[in-house]
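Structure, as structure tokens:
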Amino acid sequence: MKQAPTAQDWHAHYAAGRDFRPLSDTEQAILRERLAPPDGAEVPRAMEVACGTGELARLLAGLGYLVDAVDFAEAALERAAATSAATSTSGIAYHCCDVTAGDIGALPAHDSRTYEVITLRRAVAHLPDRTRTVAELAGLLAPDGILCVITPHADRQPAHLRGISLDDAEIDLLTDGWEHTDRIEAGNSTVLLLRGPKSTTPPAPVREGRVPRRAGLPGTGSSRPAAP
């Protein structure tokens, strides 16, 4: 079995100017329609896990969210912050944080310490214990909050990309712990909108899935100030 890429591997990946697949037009349309905050609502908060160079974080900020964007690759965060500054995108704080190691608790607290939306795109298949990590993220959701998971679907990927994908059985396992689930197909990917976690207590560790190739992953320990 291949070893999971380390924070240094991902730092080198992004420092070399590489990235991962950008949001498709279909994904953007789904996210803008399904994650738009209601009119007149107080300023909502969102977290993007495995933010990479920050494309999804910038979309969420454009919808009106205050965003905590986390990754464990310093080079990814540097590029994300630079792009936010260059595009005059405000309302995003970038944090170097490894959610798989429980570092999420080190983020600067805000008043409620909950999020209306948490996103996890092209990363869930990489998690060494996705059941535990998803349960920990569920504990950060506000009442009626949404965990949005976007994953390549194994049936619509070439064999060499199986490691970055989920199949229907793995998707069913992921959604089983939620009261309300919406599943939307978006080209080669599946979008899951999960509400009402049945439990936010992480189970005993279980290794799941395969070790993948590179894509955007969570991130280890310091914080970056909000982009201007």
Side-chain angles (χ1 to χ4, degrees), residues 1-16 18-24 27 47-57 68-77 79-80 94-104 107 118-138 140 147-177 183 186-192 194 202-203 205-221:
M1 178 177 289
K2 294 180 182 178
Q3 289 234 318
T6 66
Q8 285 302 314
D9 293 330
W10 286 109
H11 175 79
H13 173 82
Y14 287 106
R18 295 191 288 271
D19 211 323
F20 61 101
R21 187 181 298 272
L23 288 164
S24 68
E27 287 176 275
M47 175 187 289
E48 187 193 359
V49 178
C51 70
T53 54
E55 182 187 18
L56 180 47
D68 285 318
V70 305
D71 204 290
F72 67 0
E74 284 278 2
L77 296 170
R79 289 173 57 187
Y94 292 101
H95 309 275
C96 196
C97 171
D98 185 355
V99 299
T100 68
D103 287 354
I104 211 73
L107 289 182
I118 298 175
T119 60
L120 186 64
R121 179 178 182 264
R122 300 183 73 88
V124 69
H126 297 254
L127 298 174
D129 185 357
R130 72 179 69 118
T131 302
R132 171 175 290 274
T133 301
V134 168
E136 290 173 346
L137 294 175
L140 298 177
L147 175 64
C148 175
V149 177
I150 303 176
T151 179
H153 194 287
D155 291 351
R156 302 192 290 275
Q157 301 294 324
H160 71 278
L161 295 180
R162 175 61 181 93
I164 69 167
S165 311
L166 298 186
D167 60 22
D168 283 332
E170 291 168 317
I171 289 172
D172 288 345
L173 181 64
L174 183 67
T175 60
D176 185 57
R183 174 173 171 170
N188 291 336
S189 296
T190 296
V191 180
L192 303 172
L194 309 177
V206 177
R207 289 191 64 85
E208 299 173 89
R210 298 162 176 78
V211 176
R213 296 181 176 227
R214 296 185 188 276
L217 272 183
T220 60

On a heavy-atom basis, which atom in [X] and which in [Y] lie closest, and how many Å separate them?
| X | Y | result |
| --- | --- | --- |
| Val191 | Ala186 | CG2-CB, 4.1 Å |
| Ser189 | Ile150 | CB-CG2, 4.3 Å |
| Arg21 | Arg121 | O-NH1, 2.9 Å |
| Glu55 | Pro22 | OE1-CA, 3.4 Å |
| Gly52 | Ala80 | O-CB, 3.8 Å |
| Tyr94 | Cys51 | CD2-SG, 4.3 Å |

Under a 4.5 Å cut-off applied to non-hydrogen side-chain atoms, are [X] and [Y] in contact?
| X | Y | result |
| --- | --- | --- |
| Pro152 | Asn188 | no |
| Arg130 | Leu166 | yes |
| His153 | Ile171 | yes |
| Val49 | Cys97 | no |
| Asp168 | Arg183 | yes |

With sequence neighbours excluded, what pairs up with Thr133 under the side-chain hydrogen bond (donor to acceptor under 3.5 Å, both in side chains) test?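 Applying side-chain hydrogen bond (donor to acceptor under 3.5 Å, both in side chains) to Thr133 gives none.
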To the nearest 0.5 angstrom, please state how far the [atom1] atom of [X] sits from the [atom2] atom of [Y].
| X | Y | atom1 | atom2 | result |
| --- | --- | --- | --- | --- |
| His126 | Thr151 | NE2 | OG1 | 8.0 Å |
| Glu136 | Thr131 | CD | OG1 | 11.0 Å |
| Ile118 | Cys148 | CD1 | SG | 11.0 Å |
| Glu74 | Leu77 | CD | CG | 6.0 Å |
| His95 | Glu48 | NE2 | CD | 12.0 Å |
| Leu120 | Leu192 | CG | CG | 10.0 Å |

Side chains of Arg156 and Thr190: do they bring a donor and an acceptor to under 3.5 Å?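 There is such a pair (donor and acceptor under 3.5 Å, judged by atom type) between the side chains of Arg156 and Thr190.
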Check whether any side-chain N or O of Gln157 sits under 3.5 Å from a backbone N or O of Ala154 as a donor-acceptor pair, and report yes or no.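 No; judged by distance alone, with no hydrogens or angles, the pair does not exist.
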Whether the side chain of Arg132 engages the backbone of Ala135 through a donor-acceptor N/O pair (distance < 3.5 Å, no angle test) should be reported.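 No; zero donor-acceptor contacts below 3.5 Å.
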